[in-house]
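Presented below is the structure to which this report refers.
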Amino acid sequence: MKRSRDLFHWVLHRAPWTISVAPVLALWEVVGRLRLFAFVTPLTDVARAGLLLAGRGSLRADLALTVSAVLVGFGLAVAAGVAVGVLMGRYRLAEAVFGLYVDIFQSTPAAAKVPVLVLLFGLGRGSIVATVFLFAFFVITVNVYTGVRQVSPTLVEMARSFGAGEWTLIRRVILPAALPLVMAGLRMGVGRAVNGAVLGEMLISIVGIGGLLMYYGSSFRVDFLYALILLVVALAAVLMGAVHAIERRLIRWMR
């Protein structure tokens, strides 16, 4: 009894998400077994399909294609998004110049951007990386901009009084003070980057995990389809967890 209680407390502190996930997975299995919906297959069948996919070398190659597109596109989005967000937050002229484009492109449907990217970059990996970039860039920019704008003017004036130049001010005062919102933007951005990579692969080149989703979806292999969807969810969760771990390290280092 004590061992069960200790296990429960360990799960509660180390992996609290299991408390909400476990009932959903159990319900999924029950609904699938009862055949209440035509396209809801039992979770055990999905797990079996996932194991079959994992045994194929092609899945590793497709996953590598998707992950590489996510990392490259997200890396470019972080570099550009942080730079543009800081400029918009610090300078009225930059806010006036970039703000309009950020608002317009952020509200434009993804399906409307993809044909333009194909025309610009062709049907290769360039278009998929560009899709990832666009999915992540704007949410990062907006969060960085908001964080910079919310930095206390007192901190800025204090740094100025000690002779801090603009670059030192941004690096030593503004970015550390805006760090919570900056990292929130990165967490949301990496999740959107995964979405962008999968969508780009589905609509542009039919490769990677997106290509597999198209294949199994069009052939109504719902067990394999759900297994791939869970893989995409797991990939996004791992990358978001990595960003969150970096955030914790940065906060400890700043203290």
Side-chain angles (χ1 to χ4, degrees), residues 15-74 77 109-114 117 123 125 127-136 139 186-244:
W17 51 269
T18 56
I19 297 174
S20 60
V21 171
V24 173
L25 297 180
L27 180 63
W28 183 352
E29 177 69 18
V30 170
V31 171
R33 290 293 171 192
L34 295 176
R35 306 294 179 184
L36 298 177
F37 302 97
F39 295 106
V40 177
T41 188
L43 183 60
T44 48
D45 290 352
V46 174
R48 191 176 301 111
L51 291 175
L52 289 174
L53 284 171
R56 300 175 184 174
S58 59
L59 177 65
R60 290 189 287 273
D62 289 323
L63 182 60
L65 283 175
T66 302
V67 171
S68 65
V70 170
L71 294 180
V72 173
F74 178 67
K113 300 172 188 173
V114 170
L117 295 177
L123 294 172
R125 300 296 294 170
S127 292
I128 297 173
V129 171
T131 304
V132 173
F133 176 86
L134 288 180
F135 266 67
V139 68
L186 296 187
R187 285 199 304 273
M188 290 187 288
V190 76
R192 290 180 61 84
V194 174
N195 293 338
V198 173
L199 181 66
E201 290 171 343
M202 293 174 70
L203 298 181
I204 297 172
S205 296
I206 317 297
V207 295
I209 300 300
L212 290 178
L213 285 169
M214 287 290 288
Y215 171 75
Y216 287 113
S218 61
S219 58
F220 298 100
R221 302 286 299 277
V222 291
D223 48 351
F224 288 91
L225 179 65
Y226 288 142
L228 288 169
I229 291 173
L230 291 178
L231 177 61
V232 172
V233 171
L235 174 61
V238 167
L239 293 177
M240 292 174 72
V243 173
H244 191 55

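The two residues Thr41 and Asp223 come nearest to each other via the heavy atoms CG2-CA, 3.9 Å. Annotation for Thr66 and Arg125: closest pair N-NH2, 4.2 Å, computed over non-hydrogen atoms. Pro42 and Arg35 get closest at one heavy-atom pair: CD-NH1, 3.8 Å. Between Ala69 and Ile128, the shortest heavy-atom contact is CB-CG2, 3.9 Å. Here the closest non-hydrogen pair linking Glu29 and Leu43 is OE1-N, 2.9 Å. Nearest heavy-atom pair, Leu53 versus Tyr216, reported as atom, atom and distance to 0.1 Å: CD2-OH, 3.6 Å.
By the 4.5 Å heavy-atom criterion applied to side chains, Asp45 and Arg33 are counted as neighbours. Side-chain contact between Leu231 and Leu59: present, with at least one pair of heavy atoms (C-beta onward) separated by less than 4.5 Å.
Between the Glu201 side chain and the Gly211 main chain, no donor and acceptor come within less than 3.5 Å of each other.
Summarising the geometry, atom CG belonging to Leu212 is positioned 4.5 Å from atom CG belonging to Asp62; distances are rounded to the nearest 0.5 Å. Rounding to the nearest 0.5 angstrom, the gap separating the CG atom in Leu199 from the CG atom in Leu213 is 11.0 Å. Note that CZ of Phe224 is 5.0 Å distant from CG of Leu52, once rounded to the nearest 0.5 Å.
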Start with the C-alpha gap between Ile209 and Leu63, add the side-chain angles, then the distance that decides, and say whether side chain to side chain contact (heavy atoms under 4.5 Å, CB included) holds.
CA-CA 6 Å; Ile209 300 300; Leu63 182 60; 4.2 Å; yes
Between Met188 and Val243, is a side chain to side chain contact (heavy atoms under 4.5 Å, CB included) present by the stated rule, with each step listed?
CA-CA 10 Å; Met188 290 187 288; Val243 173; over 6 Å; no
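Shown are Val67, Val70, Val132; of these, the side-chain contact (heavy atoms from CB on, under 4.5 Å) with Val194 is made only by Val70.
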